[in-house]
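One structure below.
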Amino acid sequence: MAPLLELKDVSARYGQVSALHGVSLTVEDGEIVALLGANGAGKTTTLRAVSGTVRRSGDVVFGGKRLGRAGPEQTARAGIAHVPEGRGIFAELTVWDNLRMGAYMRRERPDFAMVLEYFPWLAARRNQQAGTLSGGEQQMLALARAFLQRPRLLMLDEPSLGLAPLVTREVFRVVGDLNRKEGLAVLVVEQNAAIALSAAGRAYVLETGNVAISGTSDELKADDAVRSAYLGY
């Protein structure tokens, strides 16, 4: 069976600056895959190459179909939800209006009840301005909004950024629940390599726009270079 997502020799650039140099990776249906690497390694650009927000070459195949020149809207309609670094919520809108924005492309009535099963606190905050939420609550709102799209693949860019360790663990707990219970595939960029490898089944390490190392999470945890550079032991 073909992977849910496959990048084949994907390169990307910002103007004259090359950020990716022939990256190839896969995400199987229903699995969690982590992208690790130092700042500037190309992790965020890899997600942007998938969602069509950066100039790219090579093939991006999702659900057996080439995305070609698809932009963000077409990518979302194909079944990919992208939660960018910084969450991307609408700070001036209410919590509930943010959720409704996540469902605007769906033809059927959005299933708010299902979302509240995973994020029950949203009901009590529905009329609160989203910008007044804590950082962790804003990250959860961004996750809830993405889940309301009912995607097949969720792409997360630095979900732990600026969050306390306890809140980070809660974010990854919810992501794990969505993966196990809903079969949601996840491609996550994360600086906290330890928690990313604990959540993911496989991982790729990027260095200067190239895949340097790939394997199962257990294999990467046992790799001396990965342990020294990203795990601190």
Side-chain angles (χ1 to χ4, degrees), residues 1-12 20 22-37 42-54 56-85 102-103 105-108 111 114-115 118 142-159 171-190 196-206 211 213-220:
M1 182 179 294
L4 176 63
L5 175 72
E6 185 172 13
L7 274 63
K8 302 178 181 178
D9 197 28
V10 170
S11 297
L20 297 181
V23 167
S24 297
L25 60 82
T26 61
V27 179
E28 301 291 339
D29 203 7
E31 79 167 337
I32 299 178
V33 174
L35 279 181
L36 309 178
K43 306 184 301 298
T44 291
T45 303
T46 299
L47 300 191
R48 290 177 176 171
V50 174
S51 61
T53 56
V54 65
R56 71 184 182 214
S57 61
D59 286 334
V60 178
V61 182
F62 181 72
K65 298 180 180 179
R66 293 180 68 250
L67 293 182
R69 297 182 179 274
E73 182 175 347
Q74 293 84 358
T75 302
R77 290 187 183 279
I80 300 174
H82 185 178
V83 179
E85 181 180 337
M105 287 190 300
R106 297 187 59 193
R107 294 180 179 178
E108 68 272 22
D111 193 347
M114 178 176 288
V115 171
Y118 293 97
L143 284 174
R145 186 181 63 190
F147 178 54
L148 200 54
Q149 297 178 32
R150 297 313 307 272
R152 296 179 66 188
L153 172 67
L154 175 64
M155 299 196 303
L156 299 174
D157 195 353
E158 301 287 4
V171 168
F172 273 89
R173 182 194 67 78
V174 173
V175 170
D177 284 348
L178 293 174
N179 170 255
R180 288 188 298 272
K181 297 178 182 179
E182 304 294 336
L184 181 62
V186 181
L187 178 60
V188 56
V189 165
E190 180 54 60
L197 291 175
S198 295
R202 293 189 302 113
Y204 295 83
V205 178
L206 298 186
V211 174
I213 307 172
S214 64
T216 68
S217 292
D218 287 342
E219 288 171 343
L220 265 64

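In this chain, residues are counted from 1 in sequence order. Scope of the values below: all heavy atoms of this structure, side chains included, with no hydrogens, waters or symmetry mates.
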Heavy-atom closest contact (Leu20 atom, Val10 atom, distance): CB-O, 3.8 Å
Restricting to non-hydrogen atoms, name the atom on Thr26 and the atom on Tyr204 that form the minimum distance, rounded to 0.1 Å. N-OH, 3.1 Å
Intermediate values then yes/no, side chain to side chain contact (heavy atoms under 4.5 Å, CB included), Val186 and Val33: CA-CA 6 Å; Val186 181; Val33 174; over 6 Å; no
Show, in sequence, the C-alpha distance, side-chain angles and deciding distance for Arg150 and Glu182, and conclude whether the salt bridge (Lys or Arg N to Asp or Glu O under 4.0 Å) test is met. CA-CA 9 Å; Arg150 297 313 307 272; Glu182 304 294 336; 3.6 Å; yes
Under the 3.5 angstrom rule, does the side chain of Ser11 hit a backbone N or O of Ser57 as a donor-acceptor pair? no
Nearest 0.5 angstrom please: His82 NE2 to Thr53 OG1, how far? 6.5 Å
Find out whether Leu5 and Val61 are in side-chain contact, i.e. whether some heavy atom of one side chain is under 4.5 Å from a heavy atom of the other. no
Test item: Leu197 and Asp218 side chains (from C-beta on) under 4.5 Å apart, heavy atoms: no
Taking Asp29 for the side chain and Leu4 for the main chain, is one N or O donor matched with an acceptor at less than 3.5 Å? no
When rounded to the nearest 0.5 angstrom, what is the spacing between CZ in Arg66 and CG in Asp59? 4.5 Å
Rounded to the nearest 0.5 Å, what separation is found between the CD atom of Glu190 and the CD atom of Glu158? 5.5 Å
Phe62 side chain reached by Val50 side chain, heavy atoms, under 4.5 Å: no
So which atom in Pro72 and which in Gly52 form the shortest heavy-atom distance, rounded to 0.1 Å? CD-O, 3.8 Å
Answer yes or no: is there a donor N or O on one side and an acceptor on the other, between the side chain of Asn179 and the main chain of Gly30, under 3.5 Å? yes
Does Leu187 form a side chain to side chain contact (heavy atoms under 4.5 Å, CB included) with Leu156? I'd like the steps, not just the answer. CA-CA 6 Å; Leu187 178 60; Leu156 299 174; over 6 Å; no
Is there a donor-acceptor pair under 3.5 Å between the side chain of Arg56 and the backbone N or O of Gly68? yes
Please check this pair: side chain of Ser217 against backbone of Ala200, looking for a donor-acceptor N/O pair closer than 3.5 Å. yes
Between Pro151 and Leu184, is any pair of side-chain heavy atoms under 4.5 Å apart? yes
Does the pair Ser24 and Asp9 meet the rule for a side-chain hydrogen bond (donor to acceptor under 3.5 Å, both in side chains), with working shown? CA-CA 5 Å; Ser24 297; Asp9 197 28; 5.2 Å; no
Which heavy atom in Ala196 sits nearest to a heavy atom in Ala34, and how many Å separate them? CB-CB, 4.0 Å
Rounded at 0.5 Å granularity, tell me how far CD1 in Ile80 sits from CG in Leu153. 5.5 Å
Answer whether the closest heavy-atom distance between the side chains of Val205 and Val211 falls below 4.5 Å. no
Gly215 and Leu220 have their tightest heavy-atom pair at N-CD1, 3.5 Å
Looking only at atom types and distance, does a side-chain atom of Glu219 sit under 3.5 Å from a main-chain N or O of Thr216, one as donor and one as acceptor? yes
Could you grab the distance from atom CG of Leu143 to atom CG of Leu154, nearest 0.5 Å is fine? 6.5 Å
Could you state the interatomic distance from CG (Leu206) to CG (Leu36), rounded to the nearest 0.5 Å? 8.5 Å
Please report the closest heavy-atom contact between Ala185 and Val27, naming both atoms and the distance. CB-CG1, 4.2 Å
Do the side chains of Met155 and Val83 get nearer than 4.5 Å, heavy atoms only? no
